[in-house]
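Heavy-atom basis, side chains included; hydrogens, waters and symmetry copies ignored. Heads up: numbering here begins at 1 and tracks the sequence.
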Amino acid sequence: MPSSANMLPYLMLISSLNQTSFSEQCRSSCTIQKLLLFKLGGRSNFAVNDTASLLTRVQKMFFDYHFKVEQEAGSATFSFFSFNGTAGVWRTAAIKEAGGWKDRTTVEDMDLAVRATLKGWKFVYVGDIRVKSELPSTYKAYCRQQFRWSCGGAHLFRKVAKDILTAKDVSLIKKFHMLYSFFLVRRVMAPTVACILYNIILPISVMIPELFLPVWGIAYIPTVLLVVTAIRHPKNLHILPFWILFESVMTMHRMRAALSGLFELSEFNEWVVTKKTGNNFEDNEVPLLQKTRKRLRDRVNFREIVFSAFLFFCASYNLVFPGKTSYYFNLYLQGLAFVCLGLNFTGTCSCCQ
């Protein structure tokens with residue numbers, strides 16, 4: 001925790017705000033003012049269970065980049081970044097002027113942040129205030145969380161695109177950033193393109209000689225982006241290969257969620273609370289979720305198993321009938337990742353429990 005001397009300026013800032021409302025503890029803290037933006041957020045060790053399993057270590061790498069790079073940069077350049085919903089300080093006037101909390105999407109925090117931005121309010125992230133949080137410790141809980149976030153973001157894009165275009169208090173550059181970069185690319189195109197390219201087109205290309213994929217496009221550029229994302233947390237660089245395989249599987253869930261939210265398909269507005277162990281434990285003790293008897297369909301993720309069979313088939317075909325390009329090694333690893341996650345061999349539970 002920061003010292004009293006370091007906390008004093010922020011306490012003075014918070015006390016000077018008229019009618020503020022506080023949200024629950026989590027990974028970051030935000031303050032919103034009308035004319036000036038400040039950034040509040042936790043240090044790198046914000047999660048109490050970040051070393052509990054490989055799943056939580058992978059999540060920590062992503063969230064470190066999200067908070068300390070994406071949000072830090074957004075705050076420093078006074079551009080839009082989304083409020084994370086928890087551990088923040090809001091001015092009541094901002095909430096009222098933006099229209100209050102709405103339940104029209106599963107990302108009501110992002111919805112409010114967008115509407116407040118369109119009214120001229122700005123967000124601030126301060127990175128030296130530490131607050132506790134907990135990461136999902138099971139694969140199924142993490143998938144539900146990611147589905148809710150991805151689906152809600154794409155659905156919100158559908159809801160607010162017209163409002164962003166017609167907003168009078170937002171510059172043209174910020175409108176372009178919100179519509180193209182924040183929503184269209186990151187919430188819709190990125191998961192869709194990644195899933196189709198690496199899980200469908202690349203495996204099929206080994207059976208179609210006329211289909212050529214340049215190595216720089218499918219390997220070099222994504223690798224550089226992943227290293228840049230993970231470089232801030234060097235002690236976990238050794239798990240980068242596992243992260244790459246893990247993200248290959250997660251693109252399937254994020255694409256399904258993004259398309260569901262964008263076109264309002266089934267489950268697009270379904271709210272499923274992410275299961276966590278809670279905070280009734282000491283800092284040095286991280287309990288696991290209670291084990292319960294489950295049916296086969298609850299213990300096995302059949303989408304992942306089907307995809308793994310497809311990848312193993314393509315890899316075997318490429319091994320037996322090598323063409324101009326050989327991806328069988330990568331495809332075998334990718335298929336193995338789908339099998340492991342399909343059988344829940346990650347996090348704190350598996351299909352055998």
Side-chain angles (χ1 to χ4, degrees), residues 23-28 30 41-42 46-47 50 55-56 58-71 74 80-88 101-115 117 123 125 133-161 178-179 181-195 229 243 246-276 301 303 341 346-347:
S23 58
E24 61 180 321
Q25 285 189 336
C26 192
R27 293 177 295 274
S28 67
C30 295
F46 62 88
D50 60 302
L55 176 62
T56 57
V58 168
Q59 293 179 66
K60 179 176 173 57
M61 291 178 67
F62 166 75
F63 282 120
D64 274 355
Y65 175 81
H66 172 65
F67 286 112
K68 300 304 294 182
V69 177
E70 290 181 339
Q71 293 204 343
F80 172 77
F81 66 93
S82 177
F83 175 67
N84 295 98
T86 50
W101 295 94
K102 295 183 178 181
D103 59 356
R104 58 179 180 174
T105 69
T106 57
V107 285
E108 76 292 340
D109 47 0
M110 185 188 298
D111 186 3
L112 179 60
V114 170
R115 287 183 281 113
T117 299
F123 298 79
Y125 181 89
S133 70
E134 182 185 350
L135 300 171
S137 57
T138 66
Y139 174 64
K140 191 171 291 290
Y142 180 71
C143 287
R144 288 172 176 170
Q145 180 195 68
Q146 292 299 304
F147 185 91
R148 187 175 73 244
W149 289 356
S150 300
C151 181
H155 190 213
L156 182 61
F157 176 45
R158 176 190 177 112
K159 295 284 187 182
V160 301
M178 295 176 68
L179 287 174
S181 178
F182 184 80
F183 278 114
L184 181 60
V185 173
R186 294 174 56 189
R187 299 298 183 274
V188 180
M189 293 182 62
T192 303
V193 171
C195 181
T229 302
W243 187 22
F246 178 75
E247 285 299 313
S248 175
V249 180
M250 289 307 302
T251 56
M252 176 186 67
H253 294 282
R254 295 192 182 107
M255 182 188 74
R256 185 172 69 92
L259 296 179
S260 296
L262 187 64
F263 298 108
E264 295 188 347
L265 304 178
S266 61
E267 301 179 346
F268 80 94
N269 208 23
E270 180 179 342
W271 179 276
V272 180
V273 178
T274 304
K275 291 185 179 180
K276 298 181 181 180
N301 304 304
R303 291 190 183 93
L341 295 177
T346 185

(request) State, with a plain yes or no, whether a side-chain heavy atom of Asp64 is found less than 4.5 Å away from one of Met61. (result) no
(message) Is it true that, when you exclude Arg186 itself, more than 12 heavy atoms of the residues, nucleotides or ligands shown sit nearer than 6.0 Å to its CZ?
(response) yes
(request) Flag the pair Thr192 / Met189 as yes when at least one side-chain heavy-atom distance between them is below 4.5 Å, and no otherwise. (result) no
(request) Decide yes or no for Gln146 and Trp149: does some side-chain heavy atom of the first lie under 4.5 Å from some side-chain heavy atom of the second? (result) yes
(message) Quick check: do Thr251 and Val249 have side-chain heavy atoms less than 4.5 Å from each other?
(response) no
(request) Could you tell me whether the side chain of Glu267 reaches within less than 4.5 Å of the side chain of Ser260, counting heavy atoms only? (result) no
(message) Measuring from atom OH of Tyr139 to atom OG1 of Thr346, what distance do you get when rounded to the nearest 0.5 angstrom?
(response) 9.0 Å
(message) I need the minimum non-hydrogen distance between Arg187 and Ala258, along with the two atoms involved.
(response) O-CB, 3.4 Å
(message) Are Leu179 and Leu184 packed together at the side-chain level, in the sense that at least one heavy-atom pair is separated by less than 4.5 angstrom?
(response) no
(request) Please examine the side chains of Cys143 and Met250, heavy atoms only from C-beta on, and report whether any two atoms are closer than 4.5 Å. (result) yes
(message) Which heavy atom of Pro136 sits nearest to which heavy atom of Gln145, and what is that distance?
(response) CG-NE2, 3.6 Å
(message) On a heavy-atom basis, which atom in Gly261 and which in Arg158 lie closest, and how many Å separate them?
(response) O-CD, 4.3 Å
(request) Just say parallel, tilted or perpendicular for the rings of His66 and Phe63, cut-offs at 30° and 60°. (result) perpendicular
(message) Show the nearest heavy-atom pair for residues Asp111 and Thr105, with the distance to one decimal.
(response) CB-OG1, 4.3 Å
(request) State, with a plain yes or no, whether a side-chain heavy atom of Arg144 is found less than 4.5 Å away from one of Glu270. (result) no
(message) Give me the atom names and distance for the closest heavy-atom approach of Lys140 to Asn301.
(response) NZ-OD1, 3.1 Å
(request) Using the ring pair (Phe, Tyr, Trp, His ring centres under 6.0 Å) rule, collect all pairs that involve residues 246-272, keeping only residues at least two apart or in two chains. (result) Tyr142-Phe246, His155-Phe268
(message) For Phe80, give me all partners under ring pair (Phe, Tyr, Trp, His ring centres under 6.0 Å), at least two apart in sequence or on another chain.
(response) Phe182
(request) Compare every heavy atom of Arg104 with every heavy atom of Leu156, then report the nearest pair and how far apart it is. (result) CD1-NH2, 4.4 Å
